[in-house]
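The structure appears right after this line, and notes come after that.
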Amino acid sequence: MTQVVSLSFFRFDSIASRLWALGMMGMARGAMAKVPGIGFWKLCGSGTGEGFTPIPNTAVYAILATWPDIETARNRTSQSPIFGRYLTKAAESWTVFLSTDSTRGEWSGKTPFIVSNKDKNGPLAVLTRATIRPRILARFWRKVPDISKVIGNDKNVAFKIGIGEVPWLHQVTFSIWPDATKMAQFARTGYHAEAIKAVREEGWFREELYARFNVLADHGTWHGKSPLKELESA
């Protein structure tokens with residue numbers, strides 16, 4: 001069996017549904033832990049703007065989870081009661097399924113992703129997660145909006161978002177690229193390269209994780225379209 005990672009995004013339009021989603025950041029934990037076949041999982045809020053910013057986006061929430069195989073991942077993210085509640089309340093939802101190409105670091109003291117030896121052709125996704133040291137918060141959030149703006153302007157990126165478990169302190173970036181070459185061109189230049197250098201030299205993060213994934217499939221839409229189908233068309 002090959003571990004599959006799912007990342008599900010939900011958009012909530014009404015005030016009532018947004019309040020419900022906010023409450024579920026705490027109330028959904030018990031139900032998530034009981035989903036058959038689920039491994040590592042996280043409930044996340046999101047930031048506004050391109051990539052992410054320190055201003056929360058009260059309309060968008062995400063669920064990351066690991067599963068033993070693609071069939072289980074598809075079934076549980078569409079049919080389990082807790083995911084079903086999110087799907088019913090959300091105005092729009094999109095789930096992307098991934099297999100891990102490479103990973104380093106930890107998330108909440110764990111190594112959640114298992115590397116697969118599957119075919120590495122096609123689009124890839126990149127996820128970075130960090131616990132920011134409180135003393136560096138102001139400097140970090142001065143840098144990040146510039147990086148986010150550059151990501152948003154890059155014509156090669158098919159999807160990008162900033163999510164996190166705790167506002168300002170626990171941050172995740174997630175993006176999808178057509179191939180490794182185009183992703184690397186972005187990562188090694190400009191604001192992003194400068195920020196990575198500062199992270200290493202100044203010790204911005206108390207804990208960090210970097211993972212790269214092969215994109216397997218998706219379900220649903222985001223802004224009325226499938227980001228993967230848009231990438232294939234391009």
Side-chain angles (χ1 to χ4, degrees), residues 2-25 28 31-32 35-52 56-100 113 118 122-127 151-152 156-165 172-178 211 213-234:
T2 299
Q3 184 200 61
V4 169
V5 180
S6 68
L7 190 48
S8 302
F9 300 98
F10 305 92
R11 186 192 314 282
F12 301 92
D13 285 348
S14 69
I15 293 176
S17 64
R18 293 185 185 191
L19 290 173
W20 176 87
L22 177 61
M24 292 300 283
M25 289 290 288
M32 286 296 303
V35 176
I38 200 168
F40 182 87
W41 57 269
K42 288 292 181 179
L43 301 167
C44 297
S46 70
T48 57
E50 302 286 359
F52 65 92
N57 181 353
T58 61
V60 175
Y61 291 80
I63 302 176
L64 179 142
T66 64
W67 312 92
D69 52 65
I70 186 67
E71 291 79 11
T72 303
R74 287 183 181 276
N75 180 274
R76 300 294 185 261
T77 56
S78 62
Q79 299 181 27
S80 65
I82 186 61
F83 277 89
R85 293 181 68 186
Y86 274 85
L87 291 169
T88 299
K89 293 281 187 179
E92 186 176 36
S93 65
W94 180 62
T95 297
V96 60
F97 301 100
L98 314 160
S99 64
T100 307
F113 308 128
K118 292 290 185 181
L124 60 84
V126 176
L127 181 149
I151 294 176
N156 292 311
V157 66
F159 181 83
K160 73 284 182 186
I161 195 169
I163 57 178
E165 308 131 271
V172 177
T173 63
F174 179 77
S175 56
I176 296 178
W177 302 80
F213 304 93
N214 299 308
V215 180
L216 302 177
D218 71 341
H219 177 75
T221 63
W222 203 245
H223 298 298
K225 302 176 181 178
S226 160
L228 294 193
K229 288 184 174 59
E230 289 289 294
L231 186 59
E232 291 170 2
S233 299

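- For residues 37-47, the set of pairs meeting the salt bridge (Lys or Arg N to Asp or Glu O under 4.0 Å) definition, not counting sequence neighbours, comprises Lys42-Glu165.
- Counting only heavy atoms from C-beta outward, the side chains of Leu19 and Phe12 never approach each other to under 4.5 Å.
- For Ser93, the side chain to side chain contact (heavy atoms under 4.5 Å, CB included) test picks out Phe10, Leu87, with sequence neighbours left out.
- Note that NE2 of His223 is 4.5 Å distant from CZ of Arg11, once rounded to the nearest 0.5 Å.
- Proximity of Val60 to Ile161: side-chain heavy atoms (C-beta onward) are separated by under 4.5 Å at one or more points.
- Residues passing the side chain to side chain donor-acceptor pair (under 3.5 Å) test with Ser17 are Ser14, sequence neighbours excluded.
- Applying the salt bridge (Lys or Arg N to Asp or Glu O under 4.0 Å) criterion to Lys89, with sequence neighbours excluded, gives no partner residue.
- Evaluation of the ring pair (Phe, Tyr, Trp, His ring centres under 6.0 Å) rule for Phe174 yields no partner, not counting sequence neighbours.
- Considering only residues two or more places apart in sequence or on other chains, Thr58 meets the side chain to side chain contact (heavy atoms under 4.5 Å, CB included) condition with Arg18.
- Between Phe159 and Trp222, the ring planes are perpendicular. Angles over 60° get that label, and only those under 30° would be called parallel.
- Gly39 and Trp41 get closest at one heavy-atom pair: O-CD1, 3.4 Å.
- Aromatic rings from Phe213 and Phe113 are positioned such that their centres are separated by under 6.0 Å.
- A heavy-atom distance below 4.5 Å is found between the side chains of Leu64 and Leu127.
- In this structure Phe40 satisfies the ring pair (Phe, Tyr, Trp, His ring centres under 6.0 Å) test together with Trp107, sequence neighbours excluded.
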Please report the C-alpha distance between Tyr86 and Met24 in whole Å, then the side-chain angles of each, then the deciding distance to 0.1 Å, and finally whether the side-chain contact (heavy atoms from CB on, under 4.5 Å) criterion is met.
CA-CA 9 Å; Tyr86 274 85; Met24 292 300 283; 3.2 Å; yes
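- Ala158 and Pro227 get closest at one heavy-atom pair: O-CB, 4.2 Å.
- The structure places CE of Met25 at 9.5 Å from CD1 of Ile63, a figure rounded to the nearest 0.5 Å.
- For Asp218, the side chain to side chain donor-acceptor pair (under 3.5 Å) partners are Trp94, Ser226, not counting sequence neighbours.
- A heavy-atom distance below 4.5 Å is not found between the side chains of Trp177 and Lys160.
- A search for side chain to side chain donor-acceptor pair (under 3.5 Å) contacts involving Ser8 returns Thr95, not counting sequence neighbours.
- The side chain to side chain donor-acceptor pair (under 3.5 Å) pairs that include a residue from residues 69-78 are Asp69-Thr72, Asn75-Gln79, where partners are two or more places apart or lie in different chains.
- Contact check for Leu98 versus Leu216: no side-chain heavy atoms found under the 4.5 Å cut-off.
- The side chain to side chain contact (heavy atoms under 4.5 Å, CB included) test applied to Ala73 returns Val4, Trp67, Phe97, not counting sequence neighbours.
- Here the straight-line distance linking atom CD1 of Ile82 with atom CG of Leu43 works out to 8.0 Å at 0.5 Å rounding.
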